[in-house]
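Chain letters run A, B, ... following the sequence lines, proteins first and then strands; every chain starts at 1. Please read all numbers here as calculations on a predicted model, not as lab measurements.
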Amino acid sequence: MLLTRLAEVSGQVAATASRTRKTDLLAELFRDAEPDDVPVVIPYLAGRLPQGRIGVGWKVLGREVPPAADPTLTVRGVDALLTELAGVSGAGSQAERARIVDELMGAATDDEQRFLRGLLTGEVRQGALDALAVEGLARATEADPATVRRAVMLAGSLQTVAQALLAEGPGALDEFRLTVGRPVLPMLARSASSVAEAVEKLGACAVEEKLDGIRVQVHREGDEVRVYTRTLDDITDRLPEVTSAALELPGERFVLDGEVISFGPDGRPRSFQETAGRVGSRVDVARAAEEVPVSPVFFDALSVDGRDLLDLPFAERHAELARLVPEPMRVRRALVAGPEDTASAEEFSAATLARGHEGIVAKGLDAPYSAGRRGASWLKVKPVHTLDLVVLAAEWGHGRRTGKLSNLHLAARTADGGYAMLGKTFKGMTDVMLAWQTERLGELAVEEKSWGVRVRPELVVEIAYDGLQRSTRYPAGVTLRFARVIRYREDKRPEDADTVEDLLAAHPEVKA
DNA sequence: TTCCGACAGTGGGGTCGCAAT
DNA sequence: ATTGCGACCCCACTATCGGAA
């Protein structure tokens, strides 16, 4: 199959807002693909590379290369070149990568270049990723969409399922069962604004502590242990403590879901930054493990002794977990009878926060493990803080925000009467707010830049955030975590905005 | 007819590791 | 030694489509 066909379909998919139309277009393309094209076409149309990320970003792709006049590139040819690209490393590799990219781009037409750039930067933006590719695949092969979706979640990979499905037909889907050693997409939680709301929605539930670390799925088969992240990357080699912990458990075969976190000498959880830094260390793992040891803390069991537990109610899965995993290696929890018992849930939440954790997750006792879904049966609740901050600048948006001032530079007042930038946010804005702030900030502009505008520090905006973290980027030495706009405060003057001093006083645990 | 679940899009900060400077 | 870049952790929120109620 020619690459131009992919680029064309991708353009058509991007041009329509209708999901059924997108699905139809994808299905048609999948039907036309030759069997050997499939392992490439499927991920390309889902906006991904079969090789994963390959060390090519906007810097290399930004170079201008004259496009070819006629489309000659094939899908498989491109894939072969990218496989070569992914294998390049060592001194001079950047130049070599750039050479290969230029060769590829030089052979591509204008449309193909656009498509390839999107693909390589992971910004396909055609309004169809994995989920719609699954729908299209189901349509193309006349398989049941729900069964295909489930197979993808259990395989942890759309490609694998697509290949089997196109080669063998819908019968192949039965092969995709939970298997020890093959990671499954993890179940995710939705947000709730309060403990009361979560308990109200769920009724009888378990309220568990939410640890601020790295999500892990741990597989053990005899002496073999594998540890996977939320995106199913294998990080076993970086976490020897997790392997030892899994080997000490009284079971030979299991799959557990949990969080990896580091506790300090005082027994309190270390900051997310410290835990994440440790988990990210690959070179001298032994030293990293000595300085920042981590512990696995589990909250669910997906498989025990070869029994698939996914479809069991959470209460039963947890009973299996409790049989296998001793107390300190399990998340703390409280059982709540229902809304009439909200006070005890709130009490548990307060105690969890006092121990230095992030918040709680309330979980329905009847719910199965919905791999890969952000189901309504897991509700997380974290404390939210707010500040009144001053807008110093705004950046031009991209995509659907093109032409609108989007990303705000936020600052608090300093003791000397100036402003200290604390971070940026583009979150929480409605289309109406985007239009309004583009207009208003335009009036306040004192300097036009290619990236946006600097403005007179007059506009006050109310910001919600999850907490403070240390920063080397910003002058106060701290930055806001997950800042988002609540509303503009035109009733406030910049001198009414919060100060850096107040902010630091409100978060004594963070040292600037 | 209205409601709501699922998706995609729009980017945020930090850290690590590698290659280039 | 320092800097720039890419990958990958954590993540909130809005708009929209289309099936469910």
> Are A:Phe426 and A:His398 close enough that their ring centres sit under 6.0 Å apart?
Replying inline: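 No, the ring of A:Phe426 stays outside the 6.0 Å limit from the ring of A:His398, centre to centre.
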>> Let me check the geometry of the helix from B:dA8-C:dT14 to B:dT21-C:dA1. What is the bend angle between the axes at its two ends, five pairs each, to 10°?
In response: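 Roughly 20°, once rounded to the nearest ten degrees.
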Output yes when [X] and [Y] qualify as a salt bridge under the 4.0 Å nitrogen-oxygen rule, no when they do not.
X        : Y        : value
A:Arg287 : A:Glu290 : no
A:Arg278 : A:Glu241 : yes
A:Lys404 : A:Asp431 : no
A:Glu259 : A:Arg215 : no
A:Asp300 : A:Lys363 : no

Ignoring hydrogens and angles, state whether a donor on the side chain of [X] or [Y] is under 3.5 Å from an acceptor on the partner side chain.
X        : Y        : answer
A:Ser93  : A:Glu96  : no
A:Ser10  : A:Gln126 : yes
A:Asp311 : A:Tyr369 : no
A:Ser406 : A:Glu395 : no

>> Pick the closest DNA chain C nucleotide for A:Gly428 and for A:Arg238 by heavy atoms, then say which residue is nearer the 5' end.
In response: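 Between the two, 5'-proximity favours A:Arg238.
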>> Judged by each residue's nearest nucleotide on DNA chain C, which is more toward the 5′ side, A:Ala17 or A:Leu120?
In response: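 Nearest-nucleotide comparison on DNA chain C picks A:Leu120.
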[X] [atom1] to [N] [atom2], straight-line distance once rounded to whole Å:
X        : N      : atom1 : atom2 : result
A:Leu188 : B:dA8  : CG    : P     : 14 Å
A:Leu211 : C:dC9  : CG    : P     : 18 Å
A:Gln51  : C:dG6  : CD    : C1'   : 16 Å
A:Leu408 : C:dA12 : CG    : P     : 19 Å
A:Asp212 : C:dC9  : CG    : P     : 15 Å
A:Arg401 : C:dT16 : CZ    : P     : 12 Å
A:Phe426 : B:dT10 : CZ    : P     : 10 Å
A:Phe272 : B:dG14 : CZ    : C1'   : 8 Å

Could you list all N or O pairs between the protein and nucleotides 3-6 of chain B that sit under 3.5 Å apart?
residue, atom, partner, partner atom, Å
B:dA6, OP2, A:Arg190, NH2, 2.8

> How do A:Gly397 and A:Gln273 order along DNA chain B: which one's closest nucleotide is nearer the 5' end?
Replying inline: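 Looking at DNA chain B, the more 5' nearest nucleotide goes with A:Gly397.
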> Taking for each residue the nucleotide of DNA chain B bearing the nearest heavy atom, is the 5' side occupied by A:Gly372 or by A:Gly92?
Replying inline: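 The 5'-side residue here is A:Gly372.
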Remember a base hit wins even if backbone is also touched, and classify [X] as base, sugar-phosphate or nothing at under 4.0 Å, heavy atoms.
X        : result
A:Ser281 : sugar-phosphate
A:Lys22  : nothing
A:Leu480 : nothing
A:Lys427 : base
A:Ala483 : nothing
A:Glu274 : nothing
A:Tyr465 : nothing
A:Lys404 : nothing
A:Lys210 : sugar-phosphate

If only side-chain N and O atoms of [X] are considered, is one of them under 4.0 Å from the OP1 or OP2 phosphate oxygen of [N]?
X        : N      : value
A:Asn407 : B:dG12 : yes
A:His398 : B:dG9  : no
A:Arg473 : B:dG14 : yes
A:Ser471 : B:dG14 : yes
A:Thr20  : C:dG18 : yes
A:Ser406 : B:dT10 : no

> Which of these, A:Ile42, A:Val41, A:Val40, sits in a side chain to side chain contact (heavy atoms under 4.5 Å, CB included) with A:Tyr44?
Replying inline: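 Only one of A:Ile42, A:Val41, A:Val40 forms a side chain to side chain contact (heavy atoms under 4.5 Å, CB included) with A:Tyr44, namely A:Val40.
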> A:Thr20: what forms a side-chain hydrogen bond (donor to acceptor under 3.5 Å, both in side chains) with it, not counting sequence neighbours?
Replying inline: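 A:Ser18.
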> Can you tell me if A:Thr229 uses its side chain to pair, donor with acceptor, with the backbone of A:Asp233 under 3.5 Å?
Replying inline: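 Yes; at least one donor-acceptor contact below 3.5 Å.
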>> I'd like to know if the side chain of A:Ser349 and the backbone of A:Ile360 have a donor-acceptor N/O pair within less than 3.5 Å.
In response: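 Pair absent, no side-chain N/O of A:Ser349 close to backbone of A:Ile360.
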>> Can you tell me which residue among A:Arg355, A:Lys382, A:Arg330, A:Lys380 is in a salt bridge (charged side-chain N to carboxylate O under 4.0 Å, His left out) with A:Glu209?
In response: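 Testing each of A:Arg355, A:Lys382, A:Arg330, A:Lys380 against A:Glu209, the sole residue satisfying salt bridge (charged side-chain N to carboxylate O under 4.0 Å, His left out) is A:Arg355.
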> When you look at CZ of A:Arg150, are more than 12 heavy atoms from neighbouring residues, nucleotides or ligands closer to it than 6.0 Å?
Replying inline: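 It does not: A:Arg150 CZ has 12 such atoms or fewer within range.
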Between the protein and nucleotides 1-4 of chain C, which nitrogen or oxygen pairs come in under 3.5 angstrom?
none

> Looking at residues 229-237 of chain A, who's got a heavy atom less than 4.0 Å off DNA chain C?
Replying inline: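 Close to the strand are A:Thr229, A:Arg230, A:Thr231, A:Asp233.
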> In residues 283-296 of chain A, what residues come within less than 4.0 Å of DNA chain C, judged by heavy atoms?
Replying inline: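 DNA chain C contact set from residues 283-296 of chain A: none.
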Would you mind telling me which of [options] lies closest to the side-chain atoms of [X]?
X        : options                : answer
A:Arg400 : B:dC16, B:dG14, B:dT10 : B:dT10
A:Asp431 : C:dC10, C:dA15, B:dT10 : C:dA15
A:Asp466 : C:dA12, B:dG11, B:dG14 : C:dA12

> Between A:Ser471 and A:Val478, does a side-chain contact (heavy atoms from CB on, under 4.5 Å) hold up when you go through it step by step?
Replying inline: CA-CA 5 Å; A:Ser471 172; A:Val478 292; 5.5 Å; no
> Between A:Trp451 and A:His409, what is the ring plane arrangement, given parallel below 30°, perpendicular above 60°, and tilted in between?
Replying inline: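 Geometry flag for A:His409 against A:Trp451: parallel rings.
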>> Tell me whether the NZ or CZ atom of A:Arg481 lies within the 45° cone about the ring axis of A:Phe272 and under 6.0 Å from its centre.
In response: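 Yes, A:Arg481 sits over the ring of A:Phe272.
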